[in-house]
Engineer: 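I'd like to ask you about the structure that follows.
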Amino acid sequence: KVPFGRENLLSSSELVFQERSIGSNHIGPGRELGLLGAGEFSGVSVQFGLFNGNGSIVGDDNDGLLYAGRLDYTLGNAEDTVSTYGEVDGVVASVGANAYFDQGTATNTLAYGGDFLLRVSALSVLAEVNMANIGPSDSSVDVPEVFADTTRLGGVVQLGYSIGAFEPAIRAEIYDDDRGVEDNGDVLKAVAGLTGHFNEDRVRAGLAYVHRQELAGQNVANDTVRVFFQMKY
């Protein structure tokens with residue numbers, strides 16, 4: 001995984017609603033083939049990576065590279081920052097900042113952001129905001145993803161509380177695919193639901209109501225009620 005975005009770095013088996021926010025999916029990179037170095041010193045962890053930058057772990061389709069770096073400071077047990085479920089002793093707080101630069105075939109992306117995780121007893125709070133500047137580069141070899149410099153913004157705030165085997169949670173998120181225009185790419189999303197953790201958290205099942213609203217352009221009625229189930233070994 002490219003070291004960018006706290007929610008993006010959480011395992012899919014630790015996501016309370018079993019999916020990441022819109023901003024994490026569209027701004028955060030996925031898995032890449034490359035090299036990753038990491039170190040930890042007195043609560044401060046540093047990660048830096050050099051990757052292919054083409055979204056694949058089996059090859060490369062261009063000469064560009066993706067450079068990524070992340071810095072975290074954690075107060076408390078760092079192992080408690082990889083999940084939002086359960087109770088912790090005392091206070092666990094972690095602040096992170098990260099950035100990456102991706103040289104694509106015809107599009108360059110510079111992304112940066114910060115995040116925060118707080119856990120106190122059974123309460124968990126996660127907040128994250130990321131921004132990406134995307135611009136065309138060499139259009140003689142491929143079609144750029146965008147034809148003018150474009151700024152994208154994504155943010156999420158999530159609040160959860162563990163009660164025995166259950167984790168009620170709410171999440172609010174925004175995503176703007178182009179800060180320069182007002183259209184259906186300006187999205188507000190709110191999720192409220194309950195997740196059950198069974199068999200030592202090897203089985204998760206839950207129910208959530210998802211409200212999605214276009215803040216500009218033409219609003220579309222697309223709220224959903226979702227039932228989800230997950231198993232891991």
Side-chain angles (χ1 to χ4, degrees), residues 1 4-31 76-77 79-89 91-94 96 113 115-130 152-177 184-233:
K1 285 187 174 182
F4 184 89
R6 185 177 299 275
E7 189 187 41
N8 201 39
L9 292 172
L10 284 176
S11 168
S12 58
S13 64
E14 298 296 346
L15 299 173
V16 61
F17 296 121
Q18 299 192 8
E19 65 176 6
R20 295 177 174 85
S21 64
I22 302 174
S24 291
N25 285 324
H26 286 272
I27 296 179
R31 293 183 182 273
N77 187 358
E79 294 182 358
D80 291 328
T81 64
V82 298
S83 177
T84 61
Y85 169 67
E87 295 190 24
V88 298
D89 295 328
V91 176
V92 177
S94 183
D115 50 69
F116 175 73
L117 176 66
L118 173 67
R119 298 186 65 185
V120 181
S121 186
L123 176 70
S124 68
V125 181
L126 183 150
E128 181 175 332
V129 60
N130 294 311
R152 294 175 177 171
L153 173 68
V156 59
V157 177
Q158 177 180 296
L159 176 67
Y161 195 88
S162 298
I163 306 173
F166 296 94
E167 184 182 12
I170 57 175
R171 183 172 76 191
E173 54 185 275
I174 58 170
Y175 179 69
D176 188 346
D177 67 349
N184 277 42
D186 305 342
V187 177
L188 168 68
K189 186 176 176 182
V191 186
L194 177 69
T195 298
H197 304 255
F198 310 108
N199 192 23
E200 298 181 346
D201 206 19
R202 294 188 180 94
V203 177
R204 290 190 179 194
L207 175 70
Y209 179 81
V210 181
H211 169 72
R212 179 180 172 120
Q213 179 179 346
E214 289 72 31
L215 299 176
Q218 182 178 0
N219 193 35
V220 179
N222 52 13
D223 289 5
T224 55
V225 175
R226 302 181 184 181
V227 177
F228 45 89
F229 178 81
Q230 183 185 71
M231 293 181 64
K232 65 179 180 179
Y233 296 96

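Residues: numbered from 1 along the sequence shown.
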Engineer: What distance separates Phe116 CZ from Leu126 CG, expressed to the nearest 0.5 Å?
Structural biologist: 9.5 Å
Engineer: Can you confirm whether or not the ring centre of Tyr175 sits under 6.0 Å from the ring centre of His26?
Structural biologist: yes
Engineer: Using a 6.0 Å cut-off, check whether atom CG of Asp89 has over 12 heavy atoms from anything other than its own residue.
Structural biologist: no
Engineer: Does the pair Lys232 and Glu200 meet the rule for a salt bridge (Lys or Arg N to Asp or Glu O under 4.0 Å), with working shown?
Structural biologist: CA-CA 10 Å; Lys232 65 179 180 179; Glu200 298 181 346; over 6 Å; no
Engineer: Checking Val82 now: which residues fulfil side-chain contact (heavy atoms from CB on, under 4.5 Å) with it, not counting sequence neighbours?
Structural biologist: none
Engineer: Of all the heavy-atom pairs spanning Ile27 and Asn130, show the shortest one and how long it is.
Structural biologist: CD1-O, 3.7 Å
Engineer: State, to 0.1 Å, how close Ala208 and Val191 come at their nearest heavy-atom pair, and which atoms those are.
Structural biologist: CB-CG1, 4.0 Å
Engineer: Side chains of Ser21 and Glu7: do they bring a donor and an acceptor to under 3.5 Å?
Structural biologist: yes
Engineer: Considering non-hydrogen atoms only, spot the tightest contact between Ile170 and Phe17 and give its length.
Structural biologist: N-CZ, 4.3 Å
Engineer: Could you report the tightest heavy-atom contact between Glu87 and Ala122, atom names first, then the distance?
Structural biologist: CG-CB, 3.7 Å
Engineer: Going by atom types alone, do Arg6 and Ser94 pair a side-chain donor with an acceptor below 3.5 Å?
Structural biologist: yes
Engineer: Verify side chain to side chain contact (heavy atoms under 4.5 Å, CB included) between Asp186 and Asn184, making sure each step is shown before the conclusion.
Structural biologist: CA-CA 5 Å; Asp186 305 342; Asn184 277 42; over 6 Å; no
Engineer: Go through the steps to decide whether Phe228 and Thr195 satisfy the test side chain to side chain contact (heavy atoms under 4.5 Å, CB included), and finish with yes or no.
Structural biologist: CA-CA 9 Å; Phe228 45 89; Thr195 298; 3.5 Å; yes
Engineer: Is the closest side-chain heavy-atom distance between Asp80 and Val92 below 4.5 Å?
Structural biologist: yes
Engineer: Could you go step by step and tell me if Leu118 and Val91 meet the side chain to side chain contact (heavy atoms under 4.5 Å, CB included) rule?
Structural biologist: CA-CA 7 Å; Leu118 173 67; Val91 176; 3.8 Å; yes
Engineer: Distance from Ser12 atom OG to Gln230 atom CD, nearest 0.5 Å?
Structural biologist: 6.0 Å
Engineer: Check whether any side-chain heavy atom of Ile163 sits under 4.5 Å from a side-chain heavy atom of Pro168, and report yes or no.
Structural biologist: yes
Engineer: Nearest 0.5 angstrom please: Leu15 CG to Asn8 CG, how far?
Structural biologist: 9.5 Å
Engineer: Assess whether side chain to side chain donor-acceptor pair (under 3.5 Å) is satisfied between Tyr85 and Asp201, documenting all intermediate values.
Structural biologist: CA-CA 9 Å; Tyr85 169 67; Asp201 206 19; over 6 Å; no
Engineer: List the steps and the verdict of salt bridge (Lys or Arg N to Asp or Glu O under 4.0 Å) for Glu173 and Arg212.
Structural biologist: CA-CA 10 Å; Glu173 54 185 275; Arg212 179 180 172 120; over 6 Å; no
Engineer: Measure the shortest side-chain to side-chain distance between Arg202 and Met231 over non-hydrogen atoms and say whether it is less than 4.5 angstrom.
Structural biologist: no
Engineer: What closest approach, in Å, do Arg119 and Gly86 show between heavy atoms, and which atom pair accounts for it?
Structural biologist: NH2-O, 2.9 Å
Engineer: Search all heavy atoms of Gln213 against all heavy atoms of Asn219 and return the closest pair with its distance.
Structural biologist: CG-OD1, 3.7 Å
Engineer: Compute whether any side-chain donor of one residue and acceptor of the other, for Glu167 and Thr84, lie under 3.5 angstrom apart.
Structural biologist: yes
Engineer: Does Glu19 come within less than 4.0 Å of Arg226, counting only side-chain N to carboxylate O?
Structural biologist: yes
Engineer: Less than 4.5 Å apart, any side-chain heavy atom of Val220 and any of Glu214?
Structural biologist: yes
Engineer: Please examine the side chains of Asn77 and Val88, heavy atoms only from C-beta on, and report whether any two atoms are closer than 4.5 Å.
Structural biologist: no
Engineer: Using side chain to side chain contact (heavy atoms under 4.5 Å, CB included), reason through Arg171 and Val156 one step at a time and then give a plain yes or no.
Structural biologist: CA-CA 7 Å; Arg171 183 172 76 191; Val156 59; 3.5 Å; yes
